[in-house]
Amino acid sequence: MDERSEQSFPDHFIAQRIRKDQQQGKHGGAVVTRFPPEPNGFLHLGHAKSICLNFGMAEAFAGRCNLRMDDTNPAKESSVYADAIERDVTWLGFSYGDHPRHASDYFERLFECAVTLIERGLAYVDSQDQEAIRAQRGTLIEPGTESPYRSRSVEENLALFQAMRAGDFEDGAHVLRAKIDMGSPNLNLRDPVIYRIRRLAHQRTGDSWCIYPMYDYTHCLSDAFEGITHSLCTLEFEDHRPLYDWVLDQFSWDVRPEQIEFSRLELEYTVLSKRHLNALVTEGHVAGWDDPRMPTLAGLRRRGVPPQALRDFCGRVGITKSDGTVEMALLERCIRDALESAPRALAVLHPLPVELLNYPQEREEWFDAPLHPKAPEGAQRRIPFSRHLFIERDDFMETPPKKYKRLSPGEAVRLRHGYVIRCERFDVGADGAPSKLYCTVDLESRAGGATAEQKVKGVIHWVSAAHALPAEVRLYDRLFTDPDPSGVKTEGGFRDVLNPDSLEVCAARLEPALGALAPGEVVQFERLGYFCPDPDSTEASRRFNRTITLRDTWGGK
RNA sequence: UGGGGUGUCGCCAAGUUGGUAAGGCACCGGAUUUUGAUUCCGGCAUUCGCAGGUUCGAGUCCUGCCACCCCAGCCA
């Protein structure tokens, strides 16, 4: 738990503005926000920032935050994604009442508003094709030109719009456009399309509709319908605010929502856009949306990252309007912080056999070891010890560098929670690498023993060969080798900087107590990092995911 | 060449009536440590994109530049 970020009151520019509004009694002092994802993909770290902001503001100002599916485009959306979104928001620790809201809940009201706009001469049916409309929009520096259908009579527009709804036309035959200003320097105001014909079943409304409203028209009205006071969105919508305001200004509201923009999250060595994440999944570069290497909430969860780490992260990143890219180190710091209190265990990822020459073949001992070093008298587990052990391959070197604090010929190290051993000799395998160590053990070296205080090179982890549980352990690394995958200019783009070593699978050996761990429960394998059983782990074949390594201040390895 | 934004330490980010640069991450020391982890102390921007100006005094006000981001979906 990070008390600092949990208790400190958010004080970014949006919080300041909301506080001011509330103090001035705006909206009757009410604060209502909303998190409005489109159910066309899984939520990722970028969404976490928005979720924490929106739900966080509601919490901080004793308000409410709605979860609203922005489901106005049945061509791309599905309930599979909507379900995943609910799961992820809940997992992050936020609640939105009994149900999420849906833009599709408002289709009828949205239609009525459109009719009103038509009646007031503020919207018209354009019967040109997409290309013609695009050509008339003009460019960034040239104004657009008005559609020949712009001056249709209200009666004709009404009849046409009703016919569109009735299903009398094919896709693309007509669109409804807001009549604003084709000469505006803001392209969004050049008579934006607000309804299009899509003869497609919608995941929630089925075949009830064959016309669907566009985002700019739908979003602001949905906010108003729900009494949203502060509509927080990312910077790219700044240009849309005049349109947001234009639509709302055509009606009167008890609560008139206001849009405020903040910069989206960018993180080094990853991609944070649904389009790119979708490509990773679709093209098979990862195993799915919840692949532990994905920056999706589902992936992070499967990896073992606690939700608190993400909330802490979002809090530390802050909210501003400046574009920036956060270093991976900050996220890692938050994850390690949240996991420090996890139980400890011993596991060997790359086993190197060790035989203790002076330890009886049949003898066996069980050591008590605390689950956490800061609670030495607290809960314990038992660790078996015997003549045959495994230690980490990296913990032995024939000719070690100067400050090596591990095992080498003639040197002694302590086995964590156990005895001190000294390496007498070793075998070399066909590949030229050490294949087995022969050591002597000092039976007086455990705590309380005669030689317990002796100085040794260091402390290493180990497991008893006969008692250890075999397990497949997946070691994950960053998915990309370039800090800015989206910025890669080669033909393949981010595909060209995928990290070929983002996944290493190893055959590990675990201390027996680890057999009782449930999927998702994170433990620290001492000196290695944090790990948790994958959901696909079974007693017959244990599978662990590495959540993150321990901080490593040693240059070597 | 249009419109909308942003520029404070390697990264994120405070600074909102002008008064003499918070904090976090990273990094570098040093202490503790049966995890090269954790914890703990200490260090880390004479300077705020640049150039002028106003002022006793400017990151904060004015002027002019420069850099970067977003916008021409019947996507959101």
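To find a chain, count down the sequence lines: A is the first, B the second, and so on, and within it residues start at 1.
Separating the P atom of B:A21 from that of B:U6 is a span of 26 Å, rounded to the nearest Å. Spacing of C1' atoms, B:C61 relative to B:C56, comes out at 16 Å, to the nearest Å. Spacing of C1' atoms, B:A13 relative to B:U17, comes out at 23 Å, to the nearest Å. Nucleotides B:A31 and B:A37 have their P atoms positioned 13 Å apart, rounded to a whole Å. B:G23 and B:A45 have their C1' atoms separated by 14 Å, with the value rounded to a whole Å.
Between A:Glu170 and A:Ile197 the shortest side-chain heavy-atom distance does not fall below 4.5 Å.
Nucleic acid contact class of A:Glu38 (heavy atoms, under 4.0 Å, all strands): sugar-phosphate only. As judged by a 4.0 angstrom heavy-atom cut-off over every strand, A:Val317 is placed among residues touching the sugar-phosphate backbone only. Residue A:Lys403 is in base contact, counting any heavy-atom pair closer than 4.0 Å across all strands shown. Heavy atoms of A:Thr218 sit nowhere under 4.0 angstrom from any nucleic acid atom. Within the nucleic acid shown, A:Phe237 comes within 4.0 Å of at least one base atom, counting heavy atoms only. Base engagement by A:Ile133 is indicated by at least one non-hydrogen atom pair under 4.0 Å involving a base atom. Within the 4.0 angstrom heavy-atom criterion, base atoms lie near A:Arg414. Among the atoms of the strands shown, base atoms are found under 4.0 Å from some heavy atom of A:Gln16.
Aromatic pair A:Phe531/A:Phe544: ring centres not closer than 6.0 Å. Less than 6.0 angstrom separates the ring centroid of A:His219 from the ring centroid of A:Tyr215.
Less than 4.0 Å separates RNA chain B from at least one heavy atom of each of the following residues of residues 182-191 of chain A: A:Pro185, A:Leu187.
Using bins of under 30°, 30° to 60° and over 60° for the plane-to-plane angle, the ring pair A:Phe111/A:Tyr195 lands in the perpendicular bin.
Partners of A:Arg381 according to the side-chain hydrogen bond (donor to acceptor under 3.5 Å, both in side chains) rule, which considers only residues two or more places apart in sequence or in another chain, are A:Glu511. When the side-chain hydrogen bond (donor to acceptor under 3.5 Å, both in side chains) test is applied to A:Ser184, no partner is found at least two apart in sequence or on another chain. Qualifying side-chain hydrogen bond (donor to acceptor under 3.5 Å, both in side chains) partners for A:Lys26, counting only residues two or more places apart in sequence or in other chains: A:Glu258.
Rounded to a whole Å, the NE2 atom of A:His372 is 12 Å from the C1' atom of B:U33. To the nearest angstrom, C1' of B:U60 lies 19 Å from CZ of A:Phe13.
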Exercise. Once each nucleotide of nucleotides 4-11 of chain B is scored for protein heavy atoms under 4.0 Å, what B/S/- sequence comes out, 5' to 3'?
Worked result: SSSS--BS
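Identified under the salt bridge (Lys or Arg N to Asp or Glu O under 4.0 Å) test for residues 259-268 of chain A, with sequence neighbours left out: A:Glu236-A:Arg264, A:Arg241-A:Glu261, A:Glu261-A:Lys321.
Here B:U39 sits opposite B:A31 as a Watson-Crick or G-U wobble pair (both hydrogen-bonding atom distances under 3.5 Å).
Of the listed residues (A:Arg177, A:Lys179, A:Arg196), just one forms a salt bridge (Lys or Arg N to Asp or Glu O under 4.0 Å) with A:Asp126, and that residue is A:Arg177.
Counting only heavy atoms from C-beta on, A:Asn73 has its side chain closest to B:C75 among B:G2, B:C75, B:A13.
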